[in-house]
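Heads up, the thing below is written out as structure tokens.
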Amino acid sequence: MLILKYLEVQPNMTVSPSSRPVICRFAPSPTGFLHIGGARTALFNWLFARHHGGQFLLRVEDTDRARSNQDAIYAILRGLDWLGLSWDGEVVFQHTRIETHQAAAHRLLAQGQAYKCFATPEELTEMRERARAEKRTPKYDGRWRNRDPNEAPAGAPYVIRLKAPPEGETVIQDAVQGTVTIANSELDDMVLLRSDGTPTYMLSVVVDDHDMGISHVIRGDDHLTNAFRQTQLFHALEWEPPVFAHIPLIHGQDGSKMSKRHGATGVEDYRDMGLLPEALRNYLARLGWSHGDDEIFSTEQAVEWFSLEAIGRGPSRFDQAKLETINAHYLRAVDPKVILPDCVARLGEKRDRALNSDEQARVEKALPFLTERVKTLVELSDLAYFLVADRPIPMDKKATKALTEDARERLADIYPRLQGIGEWTETNLKSVLDEALAEWQIGFGKLGQPLRAALCGQMAAPSITDVLAILGRNESLGRISDQLATKGQSKPID
RNA sequence: GACCCCUUCGUCUAGUGGCCUAGGACAUCGCCCUUUCACGGCGAAAACACGGGUUCGAGUCCCGUAGGGGUCGCCA
């Protein structure tokens, strides 16, 4: 149904592609999760479509049934959804269109633009090996191109190949790479239909892109050479090719192709690492594309500014540190309510026990003081852990070191003063601390450090009064007395 | 190996022949702020791959070299 809809907007094309309605597509093959490179490709397509008020379609390239699996499809959809890249209409599954693809091949066969090839896999292997040995480009030699199919043994399997132009050159006007030309003699006659009658990727893509009315194909430049073959196919079918835009690949930190050894490569890994989707979008948009010196920009701005001309032509390396810095910006700006559930969930996992409502309230109150100190949601929950740790709370090395004999004495001194506070408010807390400091003639650090250690078990934390207020009277006093007790000092009187 | 593409600080990039003494951001280092950790502010170091042209003038145009990447399947 959906496909018919796009067929309707596809009259006999006489106009140039650039004047067509803008329809982009993201066409992943469901062989794994949504790769970070794929995510950026999807993002660029999405931005371009939104910028032009066009459509962004999703097509699952699953013609190779053996390599496709349901989990991968879900993972890809989840990834896109998480990233906020909504597609228009329903997902097109390529395998449902096989008959249409086959029809196109048979039409070319009938028109003499394609032919049956009976070359065996062994023959092809031999051709390739010889070519390599002679340092030529390996390719099919066209041995069945002009041969009578009747010469083949009866019932022998065959593929259908395109009768590609043997001379001249094929040119594509790539919106990113510019004019790219290749001699037709470099290309061989591509297979359209396999010996089992199923269509190849090359055929399916061309037929689907045409039928879906795709005006712009934005994809990784590993497809650049495919664009030549696809252009030949478009010509043979007498369809106008879309505008191609081949964007450079994303490389790992070491400059080689992004792969598993670079750690996280799936978008869902980034979600688990505690990144906000808007931060990833911002980072990915800035990677290989630019709008002057702008670094932090909203998705709306990206949509408004996006253009293919501003995409760089060289590959770019993935920089985790910069990603996290951008994430930190968004973390500080985000409404705490949005990230609270995530933080609560991570803390529950860390502790192996869900947070009760009191603890949740504690975390909620603390969030604004915490987000400005971390770069990811993982760091956030690490930092927040002390809020919900069971007493006596764990002490890290620096905290232990801060709790000197001297320090414990001060804690013992301050304990009854805190205990005597009427209303446990920040203002009252502050004045009690200030009074003590004035009395003892010491700087805030001398008291603050031990308090921080006792209260947080770590030195990285919000300000002391904030912590006291968030923890509340009972918990605060309890944590302080825990430290007094461990040193064998007399327990303060309740 | 063949073909195609790419090449500005460590990284992402601005730059479309004179505004470039090459700008910004991340990372790094220093200083300031400071009750810790962060934030923030100020500052430093850091690049036009190389060689030839064209031009009054080149990061910007052309050619070559080097380096990097991609593709070469009845995979997608």
Side-chain angles (χ1 to χ4, degrees), chain A residues 27-31 61-64 66-68 94 117 119 121 124-125 128 131-140 157-161 174 176-178 180-183 185-188 190-196 198-202 204-205 220-228 246 248-249 251 253 255-257 283 286-296 309 312-326 328 332 369-375 383 398-399 402 433 437 443-449 451-453 456 458-465 467:
Chain A
S29 57
T31 51
E61 312 239 308
D62 56 355
T63 50
D64 185 1
R67 293 214 313 171
S68 306
Q94 200 160 49
C117 167
L124 294 173
T125 309
R128 269 194 291 274
R132 260 188 242 278
E134 293 169 12
K135 302 190 171 177
R136 299 186 337 258
T137 304
K139 56 179 195 182
Y140 172 66
Y158 61 88
V159 299
I160 292 180
R161 287 180 185 272
D174 193 281
V176 172
Q177 307 291 342
V180 190
T181 307
I182 194 172
S185 56
E186 293 296 328
L187 269 19
D188 62 4
M190 74 186 105
V191 174
L192 267 22
L193 252 35
R194 304 183 186 104
S195 55
D196 64 359
T198 59
T200 58
Y201 159 81
M202 216 60 85
S204 298
V205 165
D221 74 7
D222 49 338
H223 283 284
L224 187 60
T225 47
N226 288 337
F228 294 110
H246 290 92
L249 266 19
H251 287 177
Q253 245 117 357
S256 68
K257 205 173 174 179
Y283 175 73
R286 191 65 180 73
L287 195 63
W289 174 80
S290 64
H291 180 263
D293 284 334
D294 292 308
E295 296 286 346
I296 305 282
E309 293 72 51
R313 307 213 274 179
S316 39
R317 298 186 188 200
F318 193 85
D319 185 352
Q320 185 77 18
K322 185 158 182 177
L323 206 208
E324 292 189 1
T325 300
I326 288 175
R332 274 174 249 143
F369 302 102
L370 266 23
T371 49
E372 61 190 34
R373 296 176 153 76
V374 296
K375 294 189 165 180
L383 180 62
K398 281 185 183 166
L433 296 184
L437 293 179
F444 196 108
K446 296 257 190 252
L447 174 61
Q449 297 298 68
L451 264 178
R452 188 185 316 284
C456 308
Q458 62 197 31
M459 299 318 279
S463 79
I464 293 298
T465 45
V467 172

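No hydrogens, no waters, no symmetry mates; every other heavy atom, side chains included, goes into these values. Quick caveat, the model's predicted, so the values are computed rather than measured.
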Donor-acceptor pair, Tyr201(A) side chain versus Thr63(A) backbone, under 3.5 Å?
no

Reckon Thr181(A) touches a base, only the sugar-phosphate, or nothing at all at heavy-atom distances under 4.0 Å?
sugar-phosphate

Can you name the ring pair (Phe, Tyr, Trp, His ring centres under 6.0 Å) partners of Phe369(A), sequence neighbours left out?
none

Suppose you measure atom P in G52(B) against the same atom in C42(B); what distance do you get, rounded to whole Å?
42 Å

Base, sugar-phosphate, or nothing for Gly288(A), non-hydrogen atoms under 4.0 angstrom?
sugar-phosphate

With nearest nucleotides of RNA chain B determined for Ser316(A) and Ser195(A) from heavy-atom distances, which residue corresponds to the more 5′ nucleotide?
Ser316(A)

Say whether, by atom type as modelled, one donor and one acceptor occur between the side chain of Arg452(A) and the main chain of Pro462(A) under 3.5 angstrom.
yes

So which nucleotide does U54(B) pair with, by the Watson-Crick or G-U wobble rule with both distances under 3.5 Å?
none

With distance as the sole test, does Asp188(A) use its side chain to make a donor-acceptor pair with the main-chain N or O of Lys139(A) at under 3.5 Å?
no

If you measure from the C1' atom in C48(B) to the same atom in G30(B), how many Å do you get, rounded?
28 Å

Separation of G68(B) atom C1' from Asp221(A) atom CG, nearest Å, is 12 Å

With a 3.5 angstrom cut-off on both distances, give the Watson-Crick or G-U wobble partner of C29(B), or none if there isn't one.
G43(B)

Relative to its sugar, using the 90° cut-off around 0, the base of C32(B) is anti

How many Å lie between NE2 on His291(A) and C1' on G15(B), as a whole number?
15 Å

Does a side-chain N or O from Thr63(A) land closer than 4.0 Å to OP1 or OP2 of A76(B), or not?
yes

Could you encode protein contacts along nucleotides 23-37 of chain B as a string, one character per nucleotide from 5' to 3', using B for base contact, S for sugar-phosphate-only contact and - for no contact, with a heavy-atom cut-off of under 4.0 Å?
BBBSS-------BBB

So, the side chain of Gln458(A) versus the backbone of Leu383(A): is there a donor-acceptor pair under 3.5 Å, distance only?
yes

Hey, does Val180(A) reach any base, or is it just sugar-phosphate, or nothing, if we go heavy atoms under 4.0 Å?
sugar-phosphate

With rounding to whole Å, what would you report as the distance between A22(B) and C9(B) at their C1' atoms?
10 Å

Mind checking side-chain hydrogen bond (donor to acceptor under 3.5 Å, both in side chains) for Arg373(A) and listing every partner two or more places apart, or none if nothing turns up?
none

Of all the heavy-atom pairs spanning Gln177(A) and Asp221(A), show the shortest one and how long it is.
NE2-OD2, 3.8 Å

What does A66(B) pair with, Watson-Crick or G-U, if both distances are under 3.5 Å?
U7(B)

Classify the nucleic acid contact of Ala119(A) as base, sugar-phosphate or nothing, counting any heavy atom under 4.0 Å across all strands shown.
base

Euclidean distance, atom CG of residue Leu187(A) to atom P of A2(B) [Å, nearest integer]
18 Å

Please check if the side chain of Thr200(A) supplies one atom and the backbone of Val191(A) the other of a donor-acceptor pair under 3.5 Å.
yes

With rounding to whole Å, what would you report as the distance between U60(B) and A14(B) at their P atoms?
15 Å

For Pro30(A) and Lys139(A), find the nucleotide of RNA chain B closest to each by heavy atoms; which residue's nucleotide sits nearer the 5' end?
Lys139(A)

Distance check, C1' atoms only: A45(B) and G10(B), in whole angstrom units.
12 Å

Here the distance between atom P of C4(B) and atom CG of Asp174(A), to the nearest Å, is 15 Å

Sugar-phosphate atoms are those with a prime plus P, OP1 and OP2; base atoms are the rest. Using that split, label each nucleotide of nucleotides 59-66 of chain B B, S or - for protein heavy atoms under 4.0 Å, 5' to 3'.
--------

Work out which heavy atom in Asp174(A) is nearest to a heavy atom in His246(A); give both atom names and the distance.
OD2-ND1, 2.5 Å

Those residues that, when tested against Ser316(A), pass side-chain hydrogen bond (donor to acceptor under 3.5 Å, both in side chains) (two or more places apart):
none

For the P atoms, the ones on C39(B) and on C29(B), what distance do you get once it is rounded to whole angstrom?
13 Å

Does Asn226(A) reach a base, just sugar-phosphate, or nothing at all? Heavy atoms under 4.0 Å.
base

Consider the side chain of Pro138(A), meaning its heavy atoms from C-beta on, and name the nucleotide among A76(B), G73(B), C4(B) that approaches it most closely.
G73(B)

Distance check needed: G73(B) P versus Leu192(A) CG, whole Å only.
16 Å

Could you state the atom-to-atom distance from CG of Asp222(A) to P of C72(B) in whole Å?
9 Å

What's the CG-P distance between Leu124(A) and G73(B), to the nearest Å?
10 Å

Determine the interatomic distance between C1' on G64(B) and the same-named atom on G23(B); round to the nearest Å.
31 Å

Which atom of Met459(A) lies closest to which atom of Ala402(A), heavy atoms considered
CE-CB, 4.3 Å

Could you tell me how far apart Arg317(A) (CZ) and G68(B) (C1') are, to the nearest whole angstrom?
9 Å

Give me the distance, rounded to whole Å, that separates U16(B) from C33(B) when you measure between the C1' atoms they each carry.
43 Å

Run the side-chain hydrogen bond (donor to acceptor under 3.5 Å, both in side chains) test against Tyr158(A) and tell me which residues pass, sequence neighbours left out.
none

Re A2(B): Watson-Crick or G-U wobble partner, both distances kept under 3.5 Å, found to be U71(B)

